Amino acid sequence: MGNDVDGGTGEPGGGRRGEGVGGVEIRAIAEDEVAGWDRALALGFLRAHVESAADFRRLQWEPGRVLAALDGDRYVATFRSFDVGLTVPGGAVVPADAITSVTVSATHRRRGLLSRIMAGDLAAARERGSAVAILIAAEYNIYGRFGFGPATRGHGWNIDLLRAGGLREGLPTVPGGRIEFATMEELRKVGPELHERWRLTQPGAIARNELWWRRQTGDIQVPGFDWKEPFAAVHRDAEGTVTGLAVYRVDDSWDGSYPNCTLTVVDFLALDRGTAAELWRFVLSVDWVRKVVAENIGPDDPLPLLLADPRAATPYVDNADFMWLRVLDVEAAFNARTYGAPGRVVLEVEDRDGFAAGRWAVEVAADGSGRCTRTTDEADLALDASALGSLYLGGETAPRLAAAGLVTELRPGAAAAADLLLRTPLLAWNPDNF
């Protein structure tokens, strides 16, 4: 996640790793420098009180992927990236450069440090074969200038159980299915395989590595991030195969002699609608609970419509941008995904860093497969790299961006036509911070 404290004005692409500019050196750090880098990261995120997380950072360290700016022996900027698989519409996975831990010291703002670090990382990612780069922006007005655009949203619901009336009758079931509690050790065993199957069905989802599961199950604890063991309910089908899970916590709150607890769902995965209904029925029936909070589920998840009274569900988080995306290889990215309708659209993309710059024709066949190539044909839409990133996963629409002045129609009706091509049956969603 970016701290977004740098107002860098360095020229795009300027500065190489290890190059000193204005007395500040930018380079990859060695493993034995992680403690100093971690301290700078904590200060950059305004967490001076937090104990060192150097032991955890060493587990994340990769040669050449943990970067810093140093003014003498003082760390004044931090930056880390790692490779991850990103699911795109249609279920294919493209290689992505995931960017995180971005900070610039308040004493070194507006010197172009972030611009130089970002330029080097994106160039290296493109050379490695990353089709896109992704990040989560703490502030909105920083990453557009690097070609990133909001690509997924966070979304959640508050559910008043007294009003909800439980789930509707007639919802899908799983004959012979069962729900059982799992220990954290058991969750580390069954969770990864389930998530790998699930994420291929969800555009915008990214892989979870072993370290992610160890941290979320308390096997590793990071200073500054309080961890309390949650409940983990696992659903199995009649053959015993895990088809879903709900991880949640419950606060112990009473109104005098009456229970008034809130159950908060922090992770919810289901491979089919029957499993989802069974898990929600279980979650909504936990004793003492009066309110269920689904902190972050897909923006088009039908959860409210499963309730006997959908009005019992009110927004918890809505219209909040979450994961941002930057296209590095237009052909590789757009050839990997599927599309909503046959047709053809030509995009004129402006990209000051050059990765996506040019005129691109996206041609879609009747089966939803697409082909993206450079062209000299007249363009239908003009946009910049940031808008391209927002459109890529289908989380944003061309007509909406056109209405906002972020996409320009060069042919009447082109935005609506592009919307039909880029439309996805399931909105892009990434439930995981990184």
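Along the sequence shown, the residues carry numbers beginning at 1. Remember, predicted model here, so these are calculated numbers, not experimental data.
Proximity of S105 to L43: side-chain heavy atoms (C-beta onward) are nowhere separated by under 4.5 Å. When side chains are defined from C-beta on, R290 counts as touching L162, because their heavy atoms get closer than 4.5 Å. Residues P431 and H195 have side chains not in contact (no heavy-atom distance under 4.5 Å, counting atoms from C-beta outward). Side chains of S253 and W288 form no contact here, defined as non-hydrogen atoms less than 4.5 Å apart. At a threshold of 4.5 Å between non-hydrogen side-chain atoms, the residues L307 and W280 do not count as touching. You'll find the side chain of V132 stays beyond 4.5 Å of the side chain of V88, heavy atoms only. With contacts defined as side-chain heavy-atom distances shorter than 4.5 Å, the pair I220/D55 does not qualify. A heavy-atom distance below 4.5 Å is found between the side chains of E33 and Y75.
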Under the side-chain contact (heavy atoms from CB on, under 4.5 Å) rule, what do R153 and L427 come out as? Steps first, then yes or no, please.
CA-CA 9 Å; R153 295 183 176 275; L427 287 179; over 6 Å; no
Applying side-chain contact (heavy atoms from CB on, under 4.5 Å), run through I142 and V102 and close with a yes or a no.
CA-CA 11 Å; I142 296 296; V102 180; over 6 Å; no
Yes or no on side-chain contact (heavy atoms from CB on, under 4.5 Å) for E193 and V242, after CA distance, side-chain angles and deciding distance?
CA-CA 9 Å; E193 192 274 337; V242 175; 5.6 Å; no
Chi angles and distances behind the side-chain contact (heavy atoms from CB on, under 4.5 Å) call for L211, F56
CA-CA 9 Å; L211 193 58; F56 176 70; 3.9 Å; yes
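No more than 12 heavy-atom neighbours from other residues, nucleotides or ligands sit within 6.0 angstrom of CZ on F231. Residue R371 qualifies as open at atom CZ: its count of foreign heavy atoms under 6.0 Å is 12 or below. With a 6.0 Å radius and a threshold of 12 heavy atoms from other residues, nucleotides or ligands, R168 has its CZ atom above the threshold. Around the CD atom of E62, the shell of radius 6.0 Å holds more than 12 heavy atoms that belong to other residues, nucleotides or ligands. No more than 12 heavy atoms of other residues, nucleotides or ligands sit less than 6.0 Å from atom CZ of R163.
Side chain of S386 to backbone of F148: a donor-acceptor contact under 3.5 angstrom is found. Checking side-chain atoms of D160 against main-chain N and O of A312 turns up no donor-acceptor pair under 3.5 Å. Under a 3.5 Å cut-off, the side chain of R47 and the backbone N or O of G224 do form a donor-acceptor pair. A side-chain donor-acceptor contact under 3.5 Å links R352 to the backbone of R145. The main-chain N or O of L422 is found under 3.5 Å from a side-chain atom of R337 such that the two form a donor-acceptor pair. Judged by distance alone, the side chain of R215 and the main-chain N or O of E210 form no donor-acceptor pair under 3.5 Å. Looking only at distances, a side-chain donor or acceptor of D38 sits under 3.5 Å from a matching main-chain atom of A53. Panel note: side chain W61, backbone I29; a donor-acceptor pair is recorded below 3.5 Å. Side-chain atoms of D272 come within 3.5 Å of backbone N or O of T275 as a donor-acceptor pair. A donor-acceptor pair under 3.5 Å is formed between the side chain of Y392 and the backbone N or O of A333.
Closest approach of A415 to L381, counting heavy atoms only: N-CD2, 3.8 Å. The two residues T243 and L194 make their nearest non-hydrogen contact at C-CD1, 3.7 Å. Annotation for A233 and L279: closest pair O-CD2, 4.0 Å, computed over non-hydrogen atoms. Closest heavy-atom contact between L391 and A398: CD2-N, 3.5 Å. A308 and G165 get closest at one heavy-atom pair: CB-O, 3.6 Å. In this structure, V330 and C372 approach most closely via the heavy-atom pair CG1-SG, 3.7 Å.
Cation-pi check for R116 over F79 is not met; the charged atom does not lie both under 6.0 angstrom from the ring centroid and within 45 degrees of its normal.
Taking CG of L303 as the start and CG of L284 as the end, the distance is 7.0 Å to the nearest 0.5 Å. For the atom pair T152 OG1 and I136 CD1, the distance stands at 7.5 Å (nearest 0.5 Å). The structure places CZ of F82 at 9.0 Å from CZ of R65, a figure rounded to the nearest 0.5 Å. A distance of 11.0 Å separates CG of D252 from OG1 of T262, quoted to the nearest 0.5 Å. Once rounded to the nearest 0.5 Å, the distance linking OG of S101 with CG of L135 reads 11.5 Å. One finds the OG1 atom of T201 at 9.0 Å from the CG atom of L269 (value rounded to the nearest 0.5 Å).
Between the side chains of Q202 and R199, not a single donor N or O lies within less than 3.5 Å of an accepting N or O.
Relative ring orientation between F146 and Y143 is described as tilted, the plane-to-plane angle lying within the 30° to 60° band.
Of the charged side-chain nitrogens involved, at least one lies within less than 4.0 Å of a carboxylate oxygen, so that R281 and E278 count as a salt-bridged pair. A salt bridge is defined here as a Lys NZ or Arg NE, NH1 or NH2 lying under 4.0 Å from an Asp or Glu carboxylate O, and R326 with D97 fails to meet this definition.
Pairs of residues two or more places apart, or lying in two chains, that qualify as side chain to side chain donor-acceptor pair (under 3.5 Å) and include a residue from residues 418-431 are N296-W429, D419-R423.
Aromatic pair F268/W198: centroids not less than 6.0 angstrom apart. No close placement of the F434 and W212 rings is indicated, their centers lying 6.0 Å or farther apart.
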